[in-house]
There are 2 protein chains.
Amino acid sequence: MTRKPRKDERHARILEVLRYTPHVRIATLATRFGVTTETIRRDLDALSDQGLLDRAHGGAVARPMGIQPPIDEREQATVDERRAIAHAAARLVEPGQVVMIDAGSTTTQLAWRLGTGDRALTVITNSYPVASAMASSTSRLILCPGDFNAREGGVFGQDTTDYLARFHANLAFIGASGLTGEGILDVNRDAAWVKRTLIARSERTYLLVDHTKFAQTVLELVAPLSAIDGIVTDRPPPESLARHLQRADVTVHVAGPVTADDPQRLTEEIA
Amino acid sequence: MTRKPRKDERHARILEVLRYTPHVRIATLATRFGVTTETIRRDLDALSDQGLLDRAHGGAVARPMGIQPPIDEREQATVDERRAIAHAAARLVEPGQVVMIDAGSTTTQLAWRLGTGDRALTVITNSYPVASAMASSTSRLILCPGDFNAREGGVFGQDTTDYLARFHANLAFIGASGLTGEGILDVNRDAAWVKRTLIARSERTYLLVDHTKFAQTVLELVAPLSAIDGIVTDRPPPESLARHLQRADVTVHVAGPVTADDPQRLTEEIA
DNA sequence: CAGCGCATTTGGTATTTACAACATAATTGC
DNA sequence: GCAATTATGTTGTAAATACCAAATGCGCTG
């Protein structure tokens, strides 16, 4: 489709530059490449449409992490919900506890929450985004070994579960691809094993799922409902699921929308 | 010193926002906080001076990673040199090899290099910046466990070295705080142990150091010169050090400046 | 409460960028 | 080589931003 060297080379080099500096100005790129600002502007718009960078006023900014270029539209759609869930989940954590946090978008949101606070936690995770989110806090951070999965931004595999098995936590927060009366489901086999280990190695386990996960039957059953102690979600689960949850003695926390003075609100409005 | 809530709160919230989105516009922040754009502009300038964010034309962009807020001025000063070193070191890697990469700024530069290429490497590292840099490549990535050190952006400790000891690599690239006739030195005890393990578990070890590390005697001796096979640096080492290196049979690679058509050049000019 | 220092606002102007419509140049396919 | 398509450059105008300096407001201290 595209075989022209000119434009493609510019695009490639623009992206390359953005790996080193988070922001480039249109004017700079234009003089550098010897083309008009209009051309660069068009380049940036094109790359932005492809989701490879974000536009800014005078230029472009790099997408955070080389991670998750192909974010599901479904994921995108539930940003607010997942923030609300993270907000509610953060209340379940008490100072000084040992907390295991699964890899995932909702759990990463939770980590941001916990990272801003000042509780002296010990956090064990297999996800770098989670570690990064908590980096500035006072918490102690233990990262798992394993094969790095760029898409998930975390490590998985036998090494990961073996390592996790050495620890014992007060709380574990896990995510999932689906939640049915049968139990918790996930699409990723390696991730499923990690989740099972997290459940096994913690006193209490909370599942963080938004409503789109309700009644989703996917590849693999991670664990039955009875394996977890509570779920944190954004909407009340449907009747049949609610019955199963009650029978399995799983408490249900439904998160309200984040408050207006919340810093995350700003992000939403900006986006 | 600062007890006023007004300004400080804005600053904190601006930084918070930048954790979620890579870019904010001045106008957006102004309307959000109910203050003038001038005020936000000053906020941004102040935060920029503190190195907490980068200014852009219409706003600000987040510093890449929550990592290394306090970068040494010395580190800052030798950016070009370290890029050149990374450029030269990347030539030492052949497709298909198993490569261990130490945590550090120079080694992270190397990872960027290797990440852009298409050699199918297996990379073992204790540094997330390294992993992140390579994420988009075809390489397999194995991350070590351990205590996460936000300042270094990597994991260290007994867990880390134990884990590393299970592997065997063709090449290892390590950094250091100092290099003298006596050997390789480092300020961080945990990091020193990791480096020793990297050396022990690889067929060949290259030390990546810029000229400011020459003749720097710091806390701990990591290993004698004879432990490594080569160094990659930006300037020829001083006479006495050169003699020691030759006696220890250490090859010296002196990197030239990066070529003009190199994508990184652009970054430098922008900065 | 007067005075001081700091943060913020206000107002005005110079620059820079965005946007759109059109002209020109380059490339491709036939 | 010609026509169609695409890429790039030009121009003009509106909007957004940057910069500067002075004025105002506000909190604090004595």
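Quick note on labels: first sequence line is chain A, next is B, and so on, each numbered from 1.
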Practice task
For the pair A/Y206 and A/H253, name the ring-plane relationship: parallel under 30°, tilted 30 to 60°, perpendicular over 60°.
Solution key: perpendicular

Problem - A/K7 with A/D43: basic N within carboxylate O range, under 4.0 Å - result: no

Exercise for the section: Take atom CG of B/L44 and atom P of D/dT17, then tell me their distance rounded to the nearest Å. Expected result: 12 Å

Practice task
Look up atom CG in A/N149 and atom CG in A/N188, then write down how far apart they are to the nearest 0.5 Å.
Solution key: 6.5 Å

Exercise for the section: State whether A/T36 places a side-chain N or O below 4.0 Å from either non-bridging phosphate oxygen (OP1 or OP2) of D/dG9. Expected result: yes

Problem - Whole-Å gap separating C1' (C/dT8) and CZ (B/F33) - result: 15 Å

Completion exercise
B/I26 atom CD1 is separated from C/dT17 atom C1', nearest whole Å, by 14 Å

Handout entry: Below 4.0 Å: OP1/OP2 of C/dA7 and any side-chain N or O of B/R10
Key = no

Handout entry: side-chain N/O B/T39 vs C/dT9 OP1/OP2, d < 4.0 Å
Key = yes

Practice task
Could you tell me whether A/A56 contacts a base, only the sugar-phosphate backbone, or nothing, with contacts defined as non-hydrogen atoms closer than 4.0 Å?
Solution key: sugar-phosphate

Exercise for the section: Using atom CG of B/D45 as one end and atom P of C/dA7 as the other, report the distance to the nearest whole Å. Expected result: 14 Å

Handout entry: Proximal nucleotide (of D/dT11, D/dA7, D/dC19) relative to the B/E38 side chain
Key = D/dC19

Problem - Interatomic spacing from CD1 in A/I40 to CZ in A/R25 - rounded to 0.5 Å - result: 13.5 Å

Practice task
Using whole Å, report how far CG of A/D43 lies from C1' of D/dG9.
Solution key: 13 Å

Fill in the blank from the handout: Rounded to whole Å, the CD1-P distance (A/I40 to D/dA7) equals 15 Å

Practice task
May I have the distance from B/R55 (atom CZ) to C/dT16 (atom P), rounded to whole angstrom?
Solution key: 15 Å

Exercise for the section: Output the single nucleotide from C/dT9, D/dA7, C/dA7 whose closest atom is nearest the side chain of A/K7. Expected result: D/dA7

Completion exercise
So OG of B/S177 and CG of B/D186: to nearest 0.5 Å the spacing works out to 3.5 Å

Handout entry: D/dG9 OP1/OP2 closer than 4.0 Å to side-chain N/O of A/R42
Key = no

Exercise for the section: May I ask you to evaluate whether B/R25 reaches the phosphate of D/dT17, defined as a side-chain N or O under 4.0 Å from OP1 or OP2? Expected result: yes

